[in-house]
Amino acid sequence: MGFPADDEGTAMAEAPETAEAQDTGKAARPWPQRIGAITLFVEDLATTKSFYAEVFKLPLVFEDDVSAVFKFENTLINLLHVSEAPELIHPATVASAESGARLQFTIQVDDVDSMCAELSRRGVDLLNGPMDRPWGVRTACFRDPAGHIWEIAHEI
């Protein structure tokens, strides 16, 4: 089955129905359209908290002995000490930072090169970039102290 096209002819994904709605004939509820919070497990809370405060210049909205929560526009970034993570994700296991990257966050910026210069002034070492990608986006990547990968990007 294809996806319907928007006004510009681009295919759009349809919101999936829930299994309950399919089985019972009840109307499906729409899937939420925003992420409220992202929890990142960190080994060194103080260092990672400092990184987010200094590099991203985000407001700190909550803090206790095992977490620090920053507001990134409409999304909360919860830095949680790794010792507290098993309780949240059990029976899944918590991977170490050395296990390798399993995700990347992308921040849209107006000018990747200017932002790279600013990141450099803030003491951030780039993993790669800036570079033009074949899909029409200029990008650069860096890592936070806990090993999470962040990309900055803008359309070419």
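We use all heavy atoms of the structure for the numbers below, so side chains are in, but hydrogens, waters and symmetry mates are not. Residue numbers run from 1 in the order of the sequence given.
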Within the structure provided, determine whether [X] and [Y] are in side-chain contact (heavy-atom separation under 4.5 Å).
X	Y	result
E151	I107	no
T75	I38	yes
I77	F56	no
F62	L76	no
L127	W150	no
L126	C116	yes
K57	R122	yes
F70	L79	yes

Other residues, nucleotides, ligands: >12 heavy atoms within 6.0 Å of [X] [atom1]:
X	atom1	value
D65	CG	no
D110	CG	no
I35	CD1	no

Shortest non-hydrogen separation from [X] to [Y] and the atoms involved:
X	Y	result
T139	A153	CG2-CB, 3.9 Å
L45	V66	CD2-C, 3.5 Å
S99	A95	OG-CB, 3.9 Å
V94	A85	CG2-CB, 3.6 Å

Is [Y] reachable from [X] through a run of hydrophobic residues whose side-chain heavy atoms are each under 4.5 Å from the next?
X	Y	result
I152	V137	no
L58	V69	no
V109	W135	no
F72	Y52	yes
I149	L119	no

When you measure from the side chain of H81 to the backbone N and O of E43, does any donor-acceptor pair fall under 3.5 Å?
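Yes; judged by distance alone, with no hydrogens or angles, the pair exists.
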
Donor-acceptor contact below 3.5 Å, side chain H154 vs main chain V112:
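Yes; at least one donor-acceptor contact below 3.5 Å.
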
Under 30°, 30 to 60°, or over 60°: which ring-plane class applies to F142 and F51, parallel, tilted or perpendicular?
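The rings of F142 and F51 sit tilted, inter-plane angle from 30° to 60°.
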
To the nearest 0.5 Å, how far apart are [atom1] in [X] and [atom2] in [Y]?
X	Y	atom1	atom2	result
F105	C141	CZ	SG	12.5 Å
T39	L88	OG1	CG	6.5 Å
E118	D111	CD	CG	12.0 Å

Derivation of the salt bridge (Lys or Arg N to Asp or Glu O under 4.0 Å) call for R143 and D125:
CA-CA 8 Å; R143 184 185 335 245; D125 294 322; over 6 Å; no

Does the pair K49/E63 count as a salt bridge with the N-to-O cut at 4.0 Å?
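A salt bridge links K49 with E63.
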
When you check the side-chain N and O atoms of T47 and S50, is any donor under 3.5 Å from an acceptor?
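No, S50 and T47 have no side-chain donor paired with an acceptor closer than 3.5 Å.
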
